[in-house]
Visitor: 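Could you have a look at this structure, given as structure tokens, before my questions?
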Amino acid sequence: MEEITGRNSAAADPRRVIFHVDMDAFFVSVEELFDPSLKGKAVVVGGHRDERGVVSAASYAARKFGVHSAMPLRTAAKLCPDAIFVNGHPERYREYSGKAFEVLKKFSPKVEMASIDEAYLDMTGTERLHGPPLKAAHALHQFMKSETKLNCSIGIGTSRLIAKVCSDQAKPNGVLYIVPGQEASFLAPLSVRKIPGVGKVFEQKLNEIGIKKVGDLAKLDDAFLRERFGEWGLALAGKSRGLDAGGYFDRDVAVDEGPKSISHEHTFNTDTRDQEKLEAMIARLSEMVCRRVREHELHARTVQIKLRYSDFTTITRAHSLEQPTQLDTVVAETARTLFRDNWQRGRTIRLIGVHVAGFDDVPQQLDLLTQTHDDKVSKALSVVDRMRDKFGENAVSLATGLKSRFREKTHENPASLPGKSKKKE
DNA sequence: TCTGGGGTCCTAGGACCC
DNA sequence: TCTGGGGTCCTAGGACCC
């Protein structure tokens, strides 16, 4: 495993060759593979036209109507009434993401999947094997198409930031290489919004002081930047001048380290204040979360819930356990206590979520009795997980008997529950 | 047209320890 | 009696990304 230092002294090295590979309209393209009749049409992935939800991905044909991801589905339906709305299929996307990863690994041992449809490759020193950067990129591009039937765009530069911005400029289905030394002049004419990490809020703040282009940012005084925008603003300005400014975009390309948090949340079709319904959802979400915690062979220390009321005000409340856990019941009981202590009873809820973090590979040493008990429970749950894989989620009836016994156990151990002293809002 | 779900990273204050 | 910092953990919230 690579060590991540946060700062990489090689970042400004002109010999460094970083690829950013981004799949084009990934979700839509995968859906087209499963249903070729969708090809070339206005397609919206994310749900049905009258559902509560937003667009996950839109085909290029749909984008022409102004449809874009994160837009409410109902808005998309208004803008583009003839669009075909399809549900997303996360399993398919994971499958094709895996295929793409296999392709990338043939070009460099240093591949970092940055999300389901994009990756960084460290291609430094691969010239003898794959030729110069552009040649390697074209070979990769073709191989990706032949192996997965999917198009991608590739950005090449001396840092992750440059590679990432390049792949965006190369879209769709293109390759763009910024040769060493040209970084600052490449970035200068671009809108600050093109810099990953600069969103609506930061763009607005910059616009307020007359900064629209990356080049404008490069001219600002360091002390002013730091005072006004903190460390990140300073780093950003450094990058706009082609410097190694540290942080995420100058990190090494690292192999996958596993998740840092796992969560599930649910938005109700209609808002509710039915406590039974809400707590049943907490139990279900806790099971889904813990199942994935077990799949990764992790143990979580912090349990967090999220409540979103009808007026969209959102709170999160967390509690750290004495001992990391992967047990449904421990997470569910903790989440339920957090819920009962913090829900303003009577206020209708739109969304509820369960989130865990603070992972350990190995649970901390417990006293022998608890440990053997928890081991047994974990093993039993793994069996349940496998049965569900084989026979479907309705094999859960097996878990019900186990659960009532877990509950006794949790009650014996009230120290693992959140304190009651939590202040109410 | 009301605004998903899964994440990462950062900030900031308070507790607590040295 | 008052006054220090630094470091780390915990919690809450928010920006941002796909």
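Every chain is numbered from 1 and lettered A, B, ... according to where its sequence line falls, protein lines coming before strand lines.
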Visitor: Between A:Arg292 and B:dG6, is there a side-chain N or O to OP1/OP2 distance below 4.0 Å?
Guide: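 Answer no for this pair, as no side-chain N or O of A:Arg292 is under 4.0 Å from OP1 or OP2.
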Visitor: Which part of the nucleic acid, if any, lies within contact of A:Leu79, taking any heavy atom under 4.0 Å across all strands shown: a base, the sugar-phosphate backbone alone, or nothing?
Guide: nothing
Visitor: Less than 4.0 angstrom between a side-chain N/O of A:Lys260 and OP1 or OP2 of B:dC10, yes or no?
Guide: no
Visitor: Taking any heavy-atom pair under 4.0 Å as a contact, classify A:Val54: base, sugar-phosphate, or nothing.
Guide: base
Visitor: Heavy atoms under 4.0 Å, any strand shown: does A:Thr314 hit a base, just sugar-phosphate, or nothing?
Guide: nothing
Visitor: Given C:dC17, is OP1 or OP2 found less than 4.0 Å from the side-chain N or O atoms of A:Ser115?
Guide: no
Visitor: Rounded off to whole Å, could you give me the CD1-to-P distance for the A:Ile305 and C:dG13 pair?
Guide: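 For the pair A:Ile305 CD1 and C:dG13 P, the rounded distance is 11 Å.
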Visitor: Report which part of the nucleic acid A:Pro259 touches: base, sugar-phosphate, or nothing (heavy-atom distance under 4.0 Å, all strands).
Guide: sugar-phosphate
Visitor: Taking the side chain of A:Thr302 as heavy atoms from C-beta outward, which of B:dT8, B:dG6, C:dT11 is closest to it?
Guide: C:dT11
Visitor: In whole Å, I'd like the distance from the NE2 atom of A:His68 to the C1' atom of C:dC17.
Guide: 15 Å
Visitor: Check whether any side-chain nitrogen or oxygen of A:Ser320 sits under 4.0 Å from OP1 or OP2 of C:dT11, and answer yes or no.
Guide: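 True: A:Ser320 side-chain N/O within range (under 4.0 Å) of C:dT11 OP1/OP2.
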Visitor: From CD of A:Glu51 over to C1' of B:dG4, roughly how many Å is that when rounded to an integer?
Guide: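 For the pair A:Glu51 CD and B:dG4 C1', the rounded distance is 10 Å.
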Visitor: Angle between the end axes of the helix from B:dG5-C:dC18 to B:dC18-C:dG5, five pairs per end, to the nearest 10 degrees?
Guide: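 Roughly 10° between the end axes, to the nearest 10°.
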Visitor: So, A:Thr272 versus A:Asp274: side-chain donor-acceptor pair below 3.5 Å or not?
Guide: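 No, no side-chain donor-acceptor pair sits under 3.5 Å.
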Visitor: Could you pick out which residue, A:Ser310 or A:Met288, lies toward the 5' side of DNA chain B when each is mapped onto its nearest nucleotide?
Guide: A:Ser310
Visitor: A:Thr158 and A:Glu183: side-chain donor and acceptor closer than 3.5 Å?
Guide: yes
Visitor: To the nearest Å, give me how far apart CD1 (A:Ile116) and P (B:dG4) are.
Guide: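 So the CD1-P distance, A:Ile116 to B:dG4, works out to 20 Å.
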Visitor: What orientation do A:Phe107 and A:Phe143 show, parallel under 30°, tilted 30 to 60°, or perpendicular over 60°?
Guide: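 Ring orientation of A:Phe107 relative to A:Phe143: tilted.
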Visitor: Looking at A:His266, I'd like to know whether one of its side-chain N or O atoms comes within less than 4.0 Å of OP1 or OP2 on B:dG4.
Guide: no
Visitor: Would you indicate whether the side-chain heavy atoms of A:Val214 and A:Lys194 approach each other to under 4.5 Å?
Guide: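 Side-chain contact under 4.5 Å: no.
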Visitor: Any side-chain N or O of A:Arg301 below 4.0 angstrom from OP1/OP2 of C:dC9?
Guide: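 Checking A:Arg301 against C:dC9: no side-chain N or O falls below 4.0 Å of OP1 or OP2.
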Visitor: Is the distance from the ring center of A:Phe202 to that of A:Phe229 below 6.0 Å?
Guide: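 Yes: the rings meet the under 6.0 Å criterion.
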Visitor: For A:Arg317 and C:dA12, is the shortest distance between a side-chain N/O and OP1 or OP2 below 4.0 Å?
Guide: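 For C:dA12, OP1 or OP2 has a side-chain N or O of A:Arg317 closer than 4.0 Å.
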Visitor: A:His319 side chain: which of B:dG4, B:dG7, C:dT11 is closest?
Guide: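 My answer, after comparing the listed nucleotides, is C:dT11.
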Visitor: Side-chain donor-acceptor pairs under 3.5 Å in residues 60-74 of chain A, sequence neighbours left out?
Guide:
residue, atom, partner, partner atom, Å
A:Arg63, NE, A:Ala58, O, 2.9
A:Arg63, NH2, A:Ala58, O, 3.2
A:Arg74, NH1, A:Asp50, O, 3.4

Visitor: Between A:Ile162, A:Val165, A:Leu187, which is the residue that forms a side chain to side chain contact (heavy atoms under 4.5 Å, CB included) with A:Ile178?
Guide: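 Among A:Ile162, A:Val165, A:Leu187, the one meeting side chain to side chain contact (heavy atoms under 4.5 Å, CB included) with A:Ile178 is A:Ile162.
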Visitor: Assign the ring pair A:His20 / A:Tyr120 to parallel, tilted or perpendicular, where the plane angle (0 to 90°) is split at 30° and 60°.
Guide: tilted
Visitor: So A:Phe202, base contact, sugar-phosphate only, or nothing? Heavy-atom distance under 4.0 Å.
Guide: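 Sugar-phosphate: the residue A:Phe202, judged by heavy atoms under 4.0 Å, touches backbone atoms but no base.
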Visitor: Given B:dT3, is OP1 or OP2 found less than 4.0 Å from the side-chain N or O atoms of A:Arg52?
Guide: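 Yes, such a contact exists.
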Visitor: Between A:Thr316 and C:dT11, is there a contact of a side-chain N or O with OP1 or OP2 at under 4.0 Å?
Guide: no
Visitor: So A:Val55, base contact, sugar-phosphate only, or nothing? Heavy-atom distance under 4.0 Å.
Guide: nothing
Visitor: Is the phosphate of B:dT3 approached by A:Arg350 (side-chain N or O, under 4.0 Å from OP1 or OP2)?
Guide: yes
Visitor: Using OP1 and OP2 only, check whether a side-chain N or O of A:Arg94 sits under 4.0 Å from B:dG6.
Guide: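 No.
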Visitor: Looking across every strand, which nucleic acid part, if any, lies under 4.0 Å from A:Glu118 by heavy atom: base, sugar-phosphate, or nothing?
Guide: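 If one applies the 4.0 Å heavy-atom cut-off, A:Glu118 turns out to touch the sugar-phosphate alone, with no base involved.
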Visitor: Please walk me through it: do A:Arg284 and A:His266 pass side-chain hydrogen bond (donor to acceptor under 3.5 Å, both in side chains)?
Guide: CA-CA 10 Å; A:Arg284 216 182 104 198; A:His266 178 78; 5.4 Å; no
Visitor: Taking the C1' atom in each of C:dG4 and B:dC16, what is the distance between them to the nearest angstrom?
Guide: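 Between the two C1' atoms, the distance is 16 Å.
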Visitor: Check whether any side-chain N or O of A:Thr267 sits under 4.0 Å from OP1 or OP2 of B:dG5, and answer yes or no.
Guide: yes
Visitor: Indicate whether any N or O donor in one side chain lies under 3.5 Å from an N or O acceptor in the other, for A:Asn151 and A:Lys145.
Guide: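 There is such a pair (donor and acceptor under 3.5 Å, judged by atom type) between the side chains of A:Asn151 and A:Lys145.
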Visitor: In whole angstroms, how far is the P atom of C:dG14 from the CZ atom of A:Arg308?
Guide: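 Distance, rounded to whole Å: 11 Å.
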Visitor: Would A:Arg308 count as a cation-pi partner of A:Phe312, with NZ or CZ less than 6.0 Å from the six-membered ring centre and within 45° of the ring normal?
Guide: yes
Visitor: Measuring from the side chain of A:Leu351 (C-beta onward, heavy atoms only), which nucleotide among B:dG5, B:dG7, B:dC9 has the closest atom?
Guide: B:dG5
Visitor: Take the protein atom NZ of A:Lys171 and the nucleotide atom P of C:dC18, then report the distance between them rounded to whole Å.
Guide: 10 Å
Visitor: How is A:Ala70 classified with respect to the nucleic acid when contacts are heavy atoms under 4.0 Å: base, sugar-phosphate, or nothing?
Guide: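 If one applies the 4.0 Å heavy-atom cut-off, A:Ala70 turns out to touch a base.
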Visitor: Is there aromatic stacking of A:Phe312 against B:dC2, centre distance under 5.5 Å, plane angle under 30°?
Guide: no
Visitor: Kindly point out which of B:dT3, B:dG7, B:dG6 is positioned nearest to the side chain of A:Arg74?
Guide: B:dT3
Visitor: Expressed as a whole number of angstroms, how long is the span from A:Leu236:CG to C:dC16:P?
Guide: 12 Å
Visitor: Separation of A:Lys306 atom NZ from B:dG4 atom C1', in whole Å?
Guide: 10 Å
Visitor: Pick the nucleotide of DNA chain B nearest each of A:Ser56 and A:Trp232; which residue has the one closer to the 5' end?
Guide: A:Ser56
Visitor: Between B:dG6, C:dC17, B:dG7, which nucleotide gets closest to the side-chain atoms of A:Lys164?
Guide: C:dC17
Visitor: If the glycosidic angle sits within 90 degrees of zero it is syn, else anti. Tell me which applies to B:dC2.
Guide: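 Judged by the O4'-C1' to base torsion, B:dC2 sits in syn, the angle falling within 90° of 0.
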